[in-house]
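Since the structure comes first, as structure tokens, the remarks are kept for the end.
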Amino acid sequence: MEPVDELPKNVHDRLDYLEFMLRFRGWVSRSDLMERFGLGEAAATRDIRLYRSLAPNNLVLNQSSKKYEILDEGFHPLFDLRVQTALSKLRGSKICDALGMSDSGGFLCPQRLVLPDIDALATITRAISIGAEIKTVYRSVKNGQSDKRLVPHALFDNGVHWYMRAFDLDKKQFRAYALTRICSVDIDHQAKESPDLKLKDFQWSRMVSLELIPHPNRKNVPHPETIEHDFKMKGGMLNLMVRAAVAGYWLHHWNVDCTEDHRLEGYDYQLWLQNHQTLYDVESRGIAPGLSTYDQD
């Protein structure tokens, strides 16, 4: 029998859905395929028969309920499924309905407080794709409203805001700008395109190693082995490689104590940046927990 990656896409997608429901609900029936893909009974039966031929140890027909139930001991997924993809599927209303989770509120996650304007976002991504300059009216928390000439080259998310990484043509420096603080933005088609400008953004191209360990303060973390298990640490440490330009943003989002003497107290700080020296000359370090430059500006 042909491997799943050689199946026609429509068949591949239906069997993928079938396996997802089997794996996450524990059973599947012809009606699942019929309702989701608008199939007739005969076509749904053929799909289930095909799946059973590819993975006979994954499911068994319950004669009384006429549902195909998962065989826990023999189950081996045919389709590669990353946990990020699974979580994304679980956020969808149709999947929640099919799993019977809608009555309990489904799969809840924090609501985004702000989202960028779609037209502004589209303008910025077009500018990035061709290396174009943009003219924008931007609001800064510290400096208020101003006109800027920028050349954006990347986007990133800090968990609250979406940012663009861009070169400020007037100040001659690379900075991060929150998309929701843009009042207006237009591509300057008269300006010279700069497709290679991003190669000069040292903070973006530089990668830094972050060694995260359970916070040494036992008031913060009475049982460090829980944190080790929680974050799947190896040898008591979680090592990550991130871009210098975003390191501070993400350390802030993760509530990582970045002080040299791990002095931050409170339940929020369950992780400590063991190699704090890695943030030397990192532009975004000023927003990392314990290293704020707010009072210095």
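This chain uses plain numbering: 1 for the first residue, then up along the sequence. The basis for the numbers below is simple: all heavy atoms, side chains too, and nothing from hydrogens, waters or symmetry mates.
Checking side-chain atoms of Thr123 against main-chain N and O of Asp119 turns up a donor-acceptor pair under 3.5 Å. In this structure, Gln270 contributes its side chain and Pro214 its backbone to no donor-acceptor pair below 3.5 Å. Within the 3.5 Å criterion, the main-chain N or O of Gln145 finds no donor-acceptor partner in the side chain of Ser140. The backbone N or O of Asn275 lies less than 3.5 Å from no partner atom in the side chain of Thr278, so there is not a single donor-acceptor pair. Asn220 places a side-chain N or O within 3.5 Å of a backbone atom of Gly266 that can act as its donor or acceptor partner. Proximity of a side-chain donor or acceptor of Arg30 to a complementary backbone N or O of Ala44 within less than 3.5 Å is not detected. With hydrogens and angles disregarded, no donor-acceptor distance shorter than 3.5 Å links the side chain of Trp250 to the backbone of Val242. Not a single donor-acceptor pair under 3.5 Å links the side chain of Asp16 to the backbone N or O of Val11. Checked by atom type and distance alone, the side chain of Thr136 never pairs as donor or acceptor with a backbone atom of Val185 at under 3.5 Å. In this structure, Thr45 contributes its side chain and Glu41 its backbone to a donor-acceptor pair below 3.5 Å.
Within the 4.5 Å cutoff, side-chain heavy atoms of Pro77 are placed close to those of Glu19. Residues Phe231 and Trp254 have side chains not in contact (no heavy-atom distance under 4.5 Å, counting atoms from C-beta outward). Looking only at side-chain heavy atoms (C-beta outward), Ile95 and Arg36 come within less than 4.5 Å of each other. Put simply, the side chain of Val208 reaches to within 4.5 Å of the side chain of Val282, judged on heavy atoms. Looking at heavy atoms from C-beta onward, His229 lies out of side-chain contact with Lys232 at the 4.5 angstrom threshold. Side-chain contact check for His262 versus His215: some heavy-atom pair is nearer than 4.5 Å. Leu240 is listed as a side-chain neighbour of Leu212, based on a closest heavy-atom distance under 4.5 Å. Inter-residue side-chain proximity for Asp201 and His153 is flagged as met; some heavy-atom pair is nearer than 4.5 Å.
Connection of Tyr163 to Val246 is established within a shared hydrophobic cluster, with ILVMFWY side chains joined at heavy-atom distances below 4.5 Å, either directly or through further cluster members. Placement of Leu18 and Leu81 within a single hydrophobic cluster is found when ILVMFWY residues are connected by side-chain heavy-atom separations under 4.5 Å, directly or transitively. The same ILVMFWY cluster, assembled from side-chain heavy atoms under 4.5 Å apart, contains both Phe79 and Val28. A single hydrophobic cluster is not seen to contain both Phe156 and Leu179; linkage of ILVMFWY side chains at heavy-atom distances under 4.5 Å, directly or through other members, places them apart. One hydrophobic cluster, built from ILVMFWY side chains closer than 4.5 Å, cannot hold both Met164 and Phe167; they sit in different ones.
Within the structure, ring pair (Phe, Tyr, Trp, His ring centres under 6.0 Å) pairs that include any residue of residues 21-77 comprise Tyr17-Phe37, Phe20-Phe24 (at least two apart or interchain).
Shortest non-hydrogen contact noted between Lys66 and Gln63 is CE-O, 3.2 Å. Taking all atoms of both residues into account, the shortest heavy-atom contact from Ser53 to Leu50 is OG-O, 2.6 Å. When every heavy atom of Leu90 is checked against every heavy atom of Cys96, the shortest pair comes out as O-SG, 3.1 Å. Closest approach of Ser284 to Ala244, counting heavy atoms only: OG-O, 2.8 Å. Across all their heavy atoms, Ala127 and Ile187 have their closest contact at N-CD1, 3.9 Å. Here the shortest heavy-atom pairing between Val151 and Ala132 reads CG1-O, 3.9 Å.
For Arg112 and Asp157, the salt-bridge test passes: some basic side-chain N is under 4.0 Å from an acidic carboxylate O. Using a 4.0 Å cut-off between charged side-chain N and carboxylate O, Glu283 and Arg165 make a salt bridge. The pair Arg149-Glu133 counts as a salt bridge, with a side-chain nitrogen and a carboxylate oxygen less than 4.0 angstrom apart. Salt bridge Asp13/Lys9: present, at least one basic N to carboxylate O contact under 4.0 Å. A salt bridge links Arg14 with Asp47: at least one charged nitrogen is closer than 4.0 Å to a carboxylate oxygen.
Residue Trp272 holds its CH2 atom at 10.0 Å from CD of Glu211, rounded to the nearest 0.5 Å. Note that CD of Glu69 is 11.0 Å distant from CZ of Arg25, once rounded to the nearest 0.5 Å. Taken from OG in Ser31 to CG in Leu39, the straight-line distance is 11.5 Å, to the nearest 0.5 Å. With values rounded to the nearest 0.5 angstrom, Arg46 atom CZ is found 11.5 Å from Leu33 atom CG. Leu78 contributes atom CG, which lies 11.0 Å from atom CG of Asp5 (distance to the nearest 0.5 angstrom). Taken to the nearest 0.5 Å, the CG atom of Asp147 stands 10.0 Å off from the NZ atom of Lys135.
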For Leu271 and Asn255, what are the C-alpha separation, side-chain angles and deciding distance, and is it a side chain to side chain contact (heavy atoms under 4.5 Å, CB included)?
CA-CA 7 Å; Leu271 296 170; Asn255 285 336; over 6 Å; no
Going through the distances and angles, do Arg126 and Ile130 end up as a side chain to side chain contact (heavy atoms under 4.5 Å, CB included)?
CA-CA 7 Å; Arg126 291 200 304 271; Ile130 61 176; 5.9 Å; no
Show your reasoning for whether side chain to side chain contact (heavy atoms under 4.5 Å, CB included) applies to Asn239 and Ser209.
CA-CA 7 Å; Asn239 185 263; Ser209 172; 2.9 Å; yes
Might you work through the side chain to side chain contact (heavy atoms under 4.5 Å, CB included) test for Ile70 and Leu59, ending with a clear yes or no?
CA-CA 4 Å; Ile70 190 170; Leu59 71 171; 5.9 Å; no
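Heavy-atom neighbours of Asp80 CG from other residues, nucleotides or ligands within 6.0 Å: at or below the threshold of 12. Dense packing is recorded around CZ of Arg181, with more than 12 heavy atoms of other residues, nucleotides or ligands lying under 6.0 Å away.
Gln173 and Asp168 are not linked by any side-chain donor-acceptor pair at a separation below 3.5 angstrom, with hydrogens and angles left out of the test. Counted by atom type alone, Asn158 and His252 present zero donor-acceptor pairs between their side chains at under 3.5 Å.
Below 30°, between 30° and 60°, or above 60°: for Tyr177 and Tyr138 the angle between ring planes is above 60°, a perpendicular geometry.
Not counting sequence neighbours, the partners of Lys200 by the side-chain contact (heavy atoms from CB on, under 4.5 Å) test are Phe174, Leu197. Scored by the salt bridge (charged side-chain N to carboxylate O under 4.0 Å, His left out) test, Asp257 finds no partners at all (sequence neighbours excluded).
When each of Ile134, Leu121, Val137, Ile124 is tested with Ile182 by the rule side-chain contact (heavy atoms from CB on, under 4.5 Å), just one qualifies, namely Ile124.
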